[in-house]
Number of protein chains: 2
Amino acid sequence: MVVDFSELKLNEESPIYMQIVRFVKIKMVNRQVRDGDELPSRRVLSAVLEVNPNTIQKAYRLMEEEGILVSFAGSKSLLQFNESLVDKYRKELLTVEAEKYIEEVKKMGLTAEEAVALVRENW
Amino acid sequence: MVVDFSELKLNEESPIYMQIVRFVKIKMVNRQVRDGDELPSRRVLSAVLEVNPNTIQKAYRLMEEEGILVSFAGSKSLLQFNESLVDKYRKELLTVEAEKYIEEVKKMGLTAEEAVALVRENW
DNA sequence: ACAACCGTATTATAGCAATAATACAGTTAC
DNA sequence: GTAACTGTATTATTGCTATAATACGGTTGT
């Protein structure tokens with residue numbers, strides 16, 4: 001019911017508020033959250049992740065603007081999404097990662113098969 | 001002789017000074033520069049890339065600290081490296097990209113073969 | 001030797017992410 | 001109904017990246 005954030009390990013490669021949004025989208029894609037599930041309160045999550053409440057608020061605000069979160073003053077914050085949105089996020093997230101990988105290895109002159117082999121080697 | 005930076009397209013995903021260092025390393029890996037080749041002066045490169053001279057200085061300083069650049073007051077800035085360093089950079093750069101890709105697609109539950117297929121699809 | 005370059009250094013300013021400390025009004029649970 | 005929570009908002013401060021404007025002394029080419 002209440003989404004678990006204990007597996008979220010923050011890094012310094014991107015803003016924290018974006019990592020939080022991404023974490024939720026990946027949970028959607030993995031069917032680890034369902035439509036109507038509840039997010040922890042801003043204060044609770046800020047304590048769990050040991051980041052400032054304002055940073056959490058920024059993440060939640062972003063999700064509201066994307067239309068996957070609804071919250072009311074004094075009330076719970078609930079996820080809101082349908083299957084077609086999950087499909088869209090899944091495709092988006094995977095394509096972005098593949099394109100990033102491909103772009104970088106192309107810079108170093110790899111062929112498609114070398115890029116594929118490199119994935120297998122490092123898996 | 002003088003390293004060409006015209007192909008370097010800056011983005012906002014990482015600090016500019018780091019993108020410059022990475023660009024040089026990739027040129028090393030691709031044999032597009034040789035030991036002893038010259039980098040443009042700080043002022044010239046700052047004009048070419050349209051960034052502040054201090055940003056270029058930060059990049060060059062970093063390369064000096066990594067031991068691939070030597071520069072003297074009033075004189076040219078020269079690349080300095082051997083084959084084993086190229087091999088090291090090649091391996092480092094490729095492994096980092098593969099690991100990043102693998103880590104992300106694993107988060108979304110892909111198998112190795114699905115990850116491989118995704119690379120082929122987007123190539 | 002002198003002008004035009006070089007590398008190097010310093011100080012100030014701006015924007016963004018994040019922190020810190022509050023404050024206020026709405027809701028929920030007992 | 002009251003206490004303990006909620007979302008929301010504001011102001012100040014810090015650190016990092018980048019810009020801006022200089023300044024100084026070394027090297028190079030003519």
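All chains are named by letter (A, B, ...) in the order of the sequence lines, taking the proteins before the strands, and each is independently numbered beginning at 1.
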query: Do any N or O atoms from the side chain of A:Asp37 and from the backbone of A:Arg34 form a donor-acceptor pair under 3.5 angstrom?
result: yes

Rounded to whole Å, CD1 of B:Ile56 lies from P of C:dA9 at a distance of 17 Å

- Query: Distance only, no hydrogens: is a donor on one side chain within 3.5 Å (strictly under) of an acceptor on the other, for B:Ser77 and B:Arg42?
  - Reply: yes

When rounded to whole Å, the CE to P distance for the pair B:Met63 and C:dT8 reads 12 Å

What orientation do B:Phe5 and B:Phe23 show, parallel under 30°, tilted 30 to 60°, or perpendicular over 60°?
-> tilted

Please list, one pair per line, the donor and acceptor atoms closer than 3.5 Å that link side chains of residues 43-55 of chain A to other protein atoms, with sequence neighbours excluded.
residue : atom : partner : partner atom : Å
A:Ser46 : OG   : A:Arg43 : O            : 3.1
A:Asn52 : OD1  : A:Asn54 : N            : 2.9

Can a donor-acceptor pair under 3.5 Å be found between the side-chain atoms of B:Asn52 and the base atoms of D:dA20?
yes

task: For A:Glu66 and A:Tyr89, test the side chains for any donor-to-acceptor distance below 3.5 angstrom and give the result as yes or no.
output: yes

From CG of B:Leu45 across to C1' of D:dA18 the rounded distance in Å is 15 Å

Angle separating the five-pair end axes of the helix from C:dA1-D:dT30 to C:dC30-D:dG1, nearest 10°, is 20°

When rounded to whole Å, the CD to C1' distance for the pair A:Glu50 and C:dA17 reads 18 Å

Can A:Leu69 be reached from A:Val3 by stepping across I, L, V, M, F, W or Y side chains whose heavy atoms are under 4.5 Å apart?
-> yes

Protein-proximity profile, nucleotides 3-17 of chain D, B/S/- by nucleotide at the 4.0 Å heavy-atom cutoff, equals ---BBB-B------S

Output yes when B:Arg61 and B:Glu65 qualify as a salt bridge under the 4.0 Å nitrogen-oxygen rule, no when they do not. yes

Taken to the nearest whole Å, CG/A:Asn11 to P/C:dA17 is 15 Å

Next item on the list: Could you state whether B:Met28 and B:Met18 fall into the same hydrophobic cluster, counting links through intermediate Ile, Leu, Val, Met, Phe, Trp or Tyr residues with side-chain heavy atoms under 4.5 angstrom apart?
Entry: yes

